[in-house]
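Structure record follows, encoded as structure tokens.
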Amino acid sequence: MKHNVFLIGMMASGKTTIGRHLANVLGLEFVDADQVIEQRAGADIAWIFDLEGEAGFREREENVIDELTRRDGIVLATGGGVVLREENRTRLRQRGVVVYLDTPLKRLVARARNDRHRPLLSDGDPEQTMRRILEERGGLYADTADVAVRVSGGSPRSIADLIAAQLESSERFERSARPER
């Protein structure tokens, strides 16, 4: 049985916001992988991309994912590109229940349009860039996930409740084994 829930999906799909609600509903600790990377680097992700490029960021991300997925009793919000590395996909599948927040392109663009902290959207047309990234990663998200939830409306809390209900009926997730907090 798995005692962790790992949220994957595109940038701006709501992994952090929904993840906080989901952790509360399940009585688990919430962790945001991007926040851990920023704390350890002492800088935001955009700065890491500027200084080290995407390859440097992905190396940091892989190390943090390896460490965080070894914990027990967490809801983990991952970065949108976490599925680009096979090592990450394998660790996520082996160490927890993976939930894909499948979000329509128009909703993603609306959420990300004015966000200056998304380095992959800093050049060109955000909608075109988002479409290209979704085409590249969509299959990886679907293949990695145990559960896919369409995020097209509803509050973050209602989406978290829906995910929790799906997890309750899953044989891969054991809620009662969560650690005491």
Side-chain angles (χ1 to χ4, degrees), residues 2 4-39 44-46 49 57-58 61 64-65 68-69 71 73-84 88-89 92-93 96-122 126-170 172-173 175:
K2 306 292 178 153
N4 294 322
V5 180
F6 305 138
L7 301 178
I8 62 171
M10 285 288 291
M11 66 181 96
S13 62
K15 296 180 297 287
T16 298
T17 304
I18 293 168
R20 287 185 200 287
H21 288 287
L22 183 60
N24 188 46
V25 169
L26 297 175
L28 301 175
E29 177 186 359
F30 174 75
V31 182
D32 184 300
D34 284 349
Q35 289 177 357
V36 171
I37 292 167
E38 288 180 337
Q39 288 168 352
D44 67 17
I45 289 171
F49 264 75
F57 172 77
R58 296 293 170 213
E61 180 179 57
V64 165
I65 291 298
L68 294 176
T69 58
R71 294 171 66 179
I74 66 168
V75 172
L76 176 65
T78 64
V82 72
V83 295
L84 294 173
N88 291 337
R89 295 191 305 270
L92 292 169
R93 282 190 297 256
V97 178
V98 183
V99 178
Y100 170 30
L101 300 183
D102 182 10
T103 309
L105 178 64
K106 289 209 181 296
R107 188 172 180 94
L108 293 169
V109 171
R111 286 182 176 173
R113 186 167 302 280
N114 297 316
D115 189 339
R116 304 266 183 247
H117 299 287
R118 301 200 187 271
L120 294 177
L121 296 180
S122 61
E127 186 168 351
Q128 272 187 321
T129 302
M130 194 79 85
R131 179 179 284 112
R132 179 185 51 76
I133 293 170
L134 185 56
E135 287 171 3
E136 290 172 1
R137 299 178 185 173
L140 294 172
Y141 294 135
D143 290 346
T144 304
D146 297 299
V147 176
V149 175
R150 187 75 169 164
V151 181
S152 56
S155 70
R157 176 59 193 246
S158 67
I159 296 166
D161 288 341
L162 173 66
I163 295 168
Q166 289 186 18
L167 292 174
E168 290 292 330
S169 65
S170 171
R172 289 183 42 82
F173 181 74
R175 182 175 179 172

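- In this structure the side chain of Phe57 reaches within 4.5 angstrom of the side chain of Asp34, judged on heavy atoms.
- Across all their heavy atoms, Glu38 and Ile45 have their closest contact at OE2-N, 3.1 Å.
- Taking both residues in full, the closest heavy atoms of Thr144 and Val98 are given as O-CB, 3.7 Å, listed atom of the first, atom of the second, then distance.
- Here the side chain of Asp102 pairs no donor or acceptor atom with the backbone of Val149 at under 3.5 angstrom.
- In this structure, CG on Leu7 lies 6.0 Å from CD1 on Ile163, to the nearest 0.5 angstrom.
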Going through the distances and angles, do Arg89 and Val82 end up as a side-chain contact (heavy atoms from CB on, under 4.5 Å)? CA-CA 8 Å; Arg89 295 191 305 270; Val82 72; over 6 Å; no
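- Smallest separation of non-hydrogen atoms from Leu105 and Arg131: CD2-NH2, 3.4 Å.
- A side-chain donor-acceptor contact under 3.5 Å links Asn4 to the backbone of Gly73.
- Remark: the backbone N or O of Gly80 is paired with a side-chain donor or acceptor of Tyr141 at under 3.5 angstrom.
- A donor-acceptor pair under 3.5 Å is formed between the side chain of Lys15 and the backbone N or O of Gly9.
- Nearest heavy atoms, Leu28 versus Ile74: CD1-O, 4.1 Å.
- Distance OG1/Thr69 to CZ/Phe6: 5.0 Å, rounded to 0.5 Å.
- Between Asp146 atom CG and Gln166 atom CD the span is 11.5 Å, to the nearest 0.5 Å.
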Show the numbers, then the answer: is there a side-chain contact (heavy atoms from CB on, under 4.5 Å) between Arg58 and Leu84? CA-CA 9 Å; Arg58 296 293 170 213; Leu84 294 173; 3.9 Å; yes
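- Side-chain contact check for Ser152 versus Thr103: every heavy-atom pair is 4.5 Å or farther apart.
- To the nearest 0.5 Å, atom CG of residue Leu101 and atom CD1 of residue Ile8 are 8.5 Å apart.
- Remark: Glu135 does not engage Arg132 in a salt bridge, criterion side-chain N to carboxylate O under 4.0 Å.
- With rounding to the nearest 0.5 angstrom, the CG atom of Asn24 is 13.0 Å from the CD atom of Glu29.
- Side-chain atoms of Arg157 and Val25, non-hydrogen and from C-beta on, do get closer than 4.5 Å to each other.
- Contact of the Leu134 side chain with the Met130 side chain is not registered, since no non-hydrogen atoms from C-beta on lie closer than 4.5 Å.
- Interatomic distance, Met11 CE to Arg137 CZ, rounded to the nearest 0.5 Å: 5.5 Å.
- Minimum interatomic distance between His21 and Thr17 (heavy atoms only, all atoms of both residues): CD2-O, 3.1 Å.
- In plain terms, the two heavy atoms of Val151 and Pro104 that are nearest each other are O-CD, 3.1 Å.
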Could you walk me through whether Leu68 and Arg71 pass the side-chain contact (heavy atoms from CB on, under 4.5 Å) check? CA-CA 6 Å; Leu68 294 176; Arg71 294 171 66 179; 3.6 Å; yes
Please report the C-alpha distance between Val97 and Leu167 in whole Å, then the side-chain angles of each, then the deciding distance to 0.1 Å, and finally whether the side-chain contact (heavy atoms from CB on, under 4.5 Å) criterion is met. CA-CA 8 Å; Val97 178; Leu167 292 174; 3.6 Å; yes
